[in-house]
Amino acid sequence: VAGLAAALGRDFSIPLLAEAGDLDVETVVVAVDELWWRRIIRQMGDRYDFSHDLLRSTAYNAVTPARRWLLHRRLAQALELLWTGHTDTVAAQIAEQYRLAGNPERALRYYERAAEVAAAMFAHGDAVTFLTAARQLLASMPYGRDRDERELTLLEMSIPPLNALHGYSSPLVREACERSVNLADELDLTARMVTAMVGLWSSRFVEGRLQDSFELAQEAVNLVAPGDERFGQAHFSLAGSALHLGQPLVAMEHFAIALDAMGDESLSALVVDHV
């Protein structure tokens with residue numbers, strides 16, 4: 001029971017241990033009571049935790065490697081069962097247990113969901129942490145188109161929280177955008193490549209690399225067709241670079257195209273201000 005609790009790596013409940021353990025409920029309760037009496041664990045409301053991290057480490061190290069695999073697998077399945085219909089709350093925990101149980105596919109899915117939940121709550125640091133863990137898992141999987149597409153998706157998910165944390169001038173944002181452009185190009189996913197190029201344009205523009213941003217925006221404009229939702233964004237990017245390079249006529253031309261394509265009132269005010 002101590003080994004099972006230690007494998008979770010955090011505070012735990014008796015129902016979770018009972019569901020994940022290979023023991024009846026009475027035996028689990030007796031074991032938890034003994035650990036509590038010996039002050040190995042302490043009570044925290046209706047939950048328990050090890051009274052010291054060294055005790056947790058000792059309990060975990062006493063479990064054989066093969067047994068650890070089994071414990072992590074059971075914990076992941078128990079969390080899924082106990083939180084049926086509400087797994088978003090424990091998605092990160094489930095992902096970690098499946099990772100330690102050697103099931104990268106299921107771990108990836110839960111890391112992605114945990115990142116989505118974190119981003120929706122503006123917990124950008126957590127979102128980046130989960131997405132980084134997912135990419136590390138993905139790196140251990142077989143090469144192929146499917147893996148590259150999944151990496152592209154993870155990168156696309158990571159750019160907004162990275163930008164929120166560090167800003168577009170961050171090397172982390174630039175590297176994520178560059179990698180996204182390269183992957184989308186290799187996969188022949190033009191629409192997603194244009195989206196990544198617009199993000200990369202923002203990075204280069206904020207860094208003051210105006211000529212580079214102008215050339216990148218030109219390439220994006222050449223790739224995107226009228227009617228595409230990225231059409232206006234690409235032209236707006238090109239107009240912004242042209243304006244700051246001292247090409248007002250080019251800027252006005254592409255601002256007008258962007259305004260016509262996007263038809264956004266807030267964009268209208270921004271374009272008028274620039275012009």
The test is salt bridge (Lys or Arg N to Asp or Glu O under 4.0 Å); show your working for Arg99 and Glu96 and say whether it passes. CA-CA 5 Å; Arg99 180 186 72 81; Glu96 181 66 5; 2.7 Å; yes
Check whether [X] and [Y] end up in the same hydrophobic cluster, where Ile, Leu, Val, Met, Phe, Trp and Tyr are linked by side-chain heavy atoms less than 4.5 Å apart.
X: Ile159; Y: Met193; answer: no
X: Phe255; Y: Leu249; answer: no
X: Val32; Y: Leu4; answer: yes
X: Leu70; Y: Leu16; answer: no
X: Leu245; Y: Leu238; answer: yes

Given Arg204 and Glu215, is the salt bridge (Lys or Arg N to Asp or Glu O under 4.0 Å) satisfied, shown in steps? CA-CA 11 Å; Arg204 291 181 178 176; Glu215 293 171 1; over 6 Å; no
Can you pull the side chain to side chain donor-acceptor pair (under 3.5 Å) pairs that have at least one residue in residues 151-160, sequence neighbours excluded?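 Residue pairs passing side chain to side chain donor-acceptor pair (under 3.5 Å), neighbours aside: Arg135-Glu151, Glu151-Arg179, Thr153-Arg192, Glu156-Arg192.
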Carboxylate-amine/guanidinium proximity below 4.0 Å for [X] and [Y]:
X: Arg109; Y: Glu112; value: no
X: Arg145; Y: Glu149; value: yes
X: Arg113; Y: Asp88; value: yes

Can you see whether Tyr143 has Arg147 sitting over its ring - NZ or CZ less than 6.0 Å from the centre and within 45° of the normal?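 Satisfied, under 6.0 Å and within 45°.
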Does NZ or CZ of Arg68 come closer than 6.0 Å to the centre of the six-membered ring of Tyr60, within 45° of the ring's axis?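 Yes.
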Is there a donor-acceptor pair under 3.5 Å between the side chain of [X] and the backbone N or O of [Y]?
X: Ser140; Y: Leu137; answer: yes
X: Ser180; Y: Ala176; answer: yes
X: Asp228; Y: Val224; answer: no
X: Asn182; Y: Glu178; answer: yes
X: Ser203; Y: Gly199; answer: no
X: Asp11; Y: Tyr48; answer: no
X: Glu207; Y: Arg209; answer: no

Side-chain contact, heavy-atom cut-off 4.5 Å: [X] with [Y]?
X: Met121; Y: Val117; result: yes
X: Arg74; Y: Asp22; result: yes
X: Arg10; Y: Asp49; result: no
X: Val28; Y: Asp24; result: no
X: Glu19; Y: Gln77; result: no

Around atom [atom1] of [X], are there more than 12 heavy atoms from other residues, nucleotides or ligands closer than 6.0 Å?
X: Arg73; atom1: CZ; answer: no
X: Asp188; atom1: CG; answer: no
X: Arg42; atom1: CZ; answer: yes

Testing the basics here: between [X] and [Y], what is the closest heavy-atom pair and its distance to 0.1 Å?
X: His72; Y: Ala7; result: CE1-O, 3.2 Å
X: Leu71; Y: Val63; result: CD1-CG1, 3.9 Å
X: Leu216; Y: Met197; result: CD2-O, 3.4 Å
X: Phe205; Y: Gly240; result: CE1-O, 3.7 Å
X: Ser237; Y: Ala217; result: C-CB, 3.9 Å
X: Leu79; Y: Leu8; result: CD1-CD1, 4.4 Å

Enter the distance from [X]:[atom1] to [Y]:[atom2] here, rounded to the nearest 0.5 Å.
X: Ser51; Y: Arg38; atom1: OG; atom2: CZ; answer: 13.0 Å
X: Thr89; Y: Leu82; atom1: OG1; atom2: CG; answer: 12.5 Å
X: Phe214; Y: Leu243; atom1: CZ; atom2: CG; answer: 11.5 Å
X: Phe236; Y: Ile257; atom1: CZ; atom2: CD1; answer: 13.5 Å
X: Ile41; Y: Trp36; atom1: CD1; atom2: CH2; answer: 9.5 Å

Do [X] and [Y] have side-chain N/O donor and acceptor atoms under 3.5 Å apart?
X: Trp201; Y: Ser241; result: yes
X: Gln136; Y: Tyr111; result: no
X: Asn61; Y: Thr58; result: no
X: Gln97; Y: Gln93; result: no
X: Thr195; Y: Arg230; result: yes

Give the ring-plane orientation class for His124 versus Phe122, where under 30° counts as parallel, over 60° as perpendicular and anything between as tilted.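 Rings of His124 and Phe122: perpendicular, over 60°.
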Give the ring-plane orientation class for Tyr98 versus Tyr110, where under 30° counts as parallel, over 60° as perpendicular and anything between as tilted.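 The rings of Tyr98 and Tyr110 lie parallel, inter-plane angle below 30°.
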Can Met252 and Gln247 be said to form a side-chain contact (heavy atoms from CB on, under 4.5 Å), step by step? CA-CA 9 Å; Met252 289 179 66; Gln247 302 180 36; over 6 Å; no
Among Leu200, Leu165, Leu162, whose side chain to side chain contact (heavy atoms under 4.5 Å, CB included) with Val173 holds?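 Going through Leu200, Leu165, Leu162 one by one, the side chain to side chain contact (heavy atoms under 4.5 Å, CB included) with Val173 is satisfied by Leu162 alone.
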